[in-house]
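So you know, we letter chains A, B, ... as the sequences are listed, proteins then strands, and number each from 1. Remember, predicted model here, so these are calculated numbers, not experimental data.
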Amino acid sequence: MAMRQTPLTCSGHTRPVVDLAFSGITPYGYFLISACKDGKPMLRQGDTGDWIGTFLGHKGAVWGATLNKDATKAATAAADFTAKVWDAVSGDELMTLAHKHIVKTVDFTQDSNYLLTGGQDKLLRIYDLNKPEAEPKEISGHTSGIKKALWCSEDKQILSADDKTVRLWDHATMTEVKSLTFNMSVSSMEYIPEGEILVITYGRSIAFHSAVSLDPIKSFEAPATINSASLHPEKEFLVAGGEDFKLYKYDYNSGEELESYKGHFGPIHCVRFSPDGELYASGSEDGTLRLWQTVVGKTYGLWKCVLPEEDSGELAKPKISFPETTEEELEEIASENSDSIYSSTPEVKA
Amino acid sequence: MARTMQTPLTIPVPVLRLPRGPDGLSRGFAPDGRRAPLMPEGPEAPGSAVVRDSRESQEQQARAALRERYLRSLLAMVGHQVSFTLHEGVHVTAHFGATDLDVANFYVSQLQTPIGVQAEALLRCSDIIAYSFKP
């Protein structure tokens, strides 16, 4: 019997989810942060989507969010003209970095010593997190607002995207090395360190470039305008989502569309594979994040595959019996909390 | 008349539960939370499935049954007049419309408040102490 994808919906945000990022794999698993226009970015357990905490402090929409590799720190970029660095274990705000306009993107170096920011003031800024009072180093050159900025090549270079260009900068000299120009608005950018691949989306195109030379590798066209795409860590698949509310999964080698899923109630703004490639997360205008299995039917996280010979009842199968019998069972189990929540009212017809 | 092609029967992948949402009361980051217990090595393989404690599974069944009853009670409330007791002794009544996924907000209409009637409103569940209705 074929299995159908069951997406897991993570709710809690009250406005569109515009960015999301996973941490690396830590001894405690991996984590997911979501940026939302409600100004309250949230941290979740990466494999289950369980909410861990909400970073409170921003006074405007949060446009970008990221975690450092070991998920001990988080950084957020917001419409209140600040980027903030947070302790991702306690939820406390560690630093507020004032900017001159809306901040859209933040990225930690591998060692978490530096934070890269970019936004509507068209400047890239590099903050030394060990010297929070020091002025950041600034790189100018973009002619429109910066949408995404990422460290690459072991933090020796920087990739940044504005409306129609993607630029590569040398960190040490702070100068532009190369740039790409598009005739359509760049909607997203993802950097894959293993293999130095850059994933860029614009219009209906999902394009792959070398992160070192910016030379094109290949590109695919989707059925609708794509807002974000992500390449699987083993580079077998890519997933993409956009304006038609659907998620698409492609074979990276052949470009064949493998699966597509409806589920979101609004355009998809961001998609990312988890660091182990077992699932991907999508964030949408509808205010939800959804987790999707890469291999549908595999047991992982909250997905539990029940094979025909294995119906051991491990699934939480509620006894759908009715109030009378259930009441007794419930009373047996309830110990100190003995106030009955429901009095024995007649069964209500749903 | 040609029959439309039968799509193969598929069953949705079963899930243990839904992801937990915010509690609506705090900002989270519980001190005894995720950093304390170290993860077991890798996800559980189907063959070496953990044998659940029978008390745990009883509790899980009870939780599931309670939740199902609660969800049915919410369904039964739709379109009915509900009386809400809010903080500081405030009482309001409204027609219940719907709740969101986490039951964090109730969508109501014709909300009768001490300062007038609101045609449509969202009541934050964390503000509600109790509510009652007659089906």
Side-chain angles (χ1 to χ4, degrees), chain A residues 1-6 8-12 14 27-29 42-45 47-56 89-91 278 288 291 293 296-297 299-307 310 312-321 323 326 329-330 332-334 341-342 348-350, chain B residues 7-24 26-31 33-39 42-47 49-52 55 57-77 100-102 104-105 122 135:
Chain A
M1 174 99 42
M3 304 291 285
R4 199 162 77 231
Q5 171 87 260
T6 303
L8 294 170
T9 301
C10 307
S11 58
T14 53
Y28 304 93
M42 291 187 179
L43 185 71
R44 295 176 187 272
Q45 193 70 42
D47 61 336
T48 59
D50 288 339
W51 174 78
I52 293 171
T54 303
F55 298 102
L56 298 176
V89 182
S90 66
E278 295 284 353
T288 67
L291 302 181
Q293 287 192 284
V296 178
T299 291
Y300 182 83
L302 297 176
W303 292 286
K304 177 77 179 186
C305 182
V306 176
L307 301 171
E310 203 196 272
S312 54
E314 281 177 36
L315 270 186
K317 290 198 193 94
K319 279 207 168 51
I320 312 186
S321 52
T326 318
E329 288 162 7
L330 296 176
E332 269 169 38
I333 288 155
I341 301 159
Y342 295 100
V348 175
K349 264 204 163 6
Chain B
T7 49
L9 285 173
T10 58
I11 56 166
V13 178
V15 292
L16 296 171
R17 57 171 174 81
L18 293 180
R20 293 187 196 111
D23 61 14
S26 74
R27 67 169 192 173
F29 299 103
R34 59 173 177 137
R35 304 291 179 160
L38 277 176
M39 280 257 303
E44 296 168 19
V50 174
V51 174
R52 296 271 186 257
R55 178 169 173 92
S57 105
Q58 260 193 309
E59 281 183 5
Q60 180 53 41
Q61 284 178 358
R63 275 195 288 270
L66 278 172
R67 180 165 174 84
E68 179 170 345
R69 285 174 62 181
Y70 182 63
L71 291 174
R72 289 191 189 280
S73 80
L74 289 176
L75 274 174
M77 266 192 347
D100 61 5
L101 189 62
D102 289 324
N105 297 287
L122 268 183

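To the nearest 0.5 Å, the span separating CE on A:M3 from CD1 on B:I11 amounts to 4.5 Å.
Across all their heavy atoms, A:T9 and B:L101 have their closest contact at CG2-CD2, 3.8 Å. Across all their heavy atoms, A:D50 and B:L18 have their closest contact at OD1-O, 4.4 Å. Taking every heavy atom of both residues into account, A:L43 and B:F29 meet most closely at CD2-CE2, 3.8 Å. Closest approach of A:R44 to B:R20, counting heavy atoms only: NH1-O, 3.9 Å. Counting all heavy atoms, side chain and backbone alike, A:L8 lies closest to B:P19 at CB-CG, 3.8 Å.
With a threshold of 4.5 angstrom between heavy atoms, B:D23 approaches chain A through its backbone and through its side chain. Neither the backbone nor the side chain of A:T288 comes within contact range of chain B; no heavy atom of the residue lies under 4.5 Å from a heavy atom of that chain.
Remark: the backbone N or O of B:P14 is not paired with any side-chain donor or acceptor of A:T6 at under 3.5 angstrom. Proximity of a side-chain donor or acceptor of B:R27 to a complementary backbone N or O of A:L56 within less than 3.5 Å is not detected.
Taking chain B as the reference chain and counting heavy-atom pairs below 4.5 Å, the highest number among A:C10, A:G49, A:S11 is found for A:S11.
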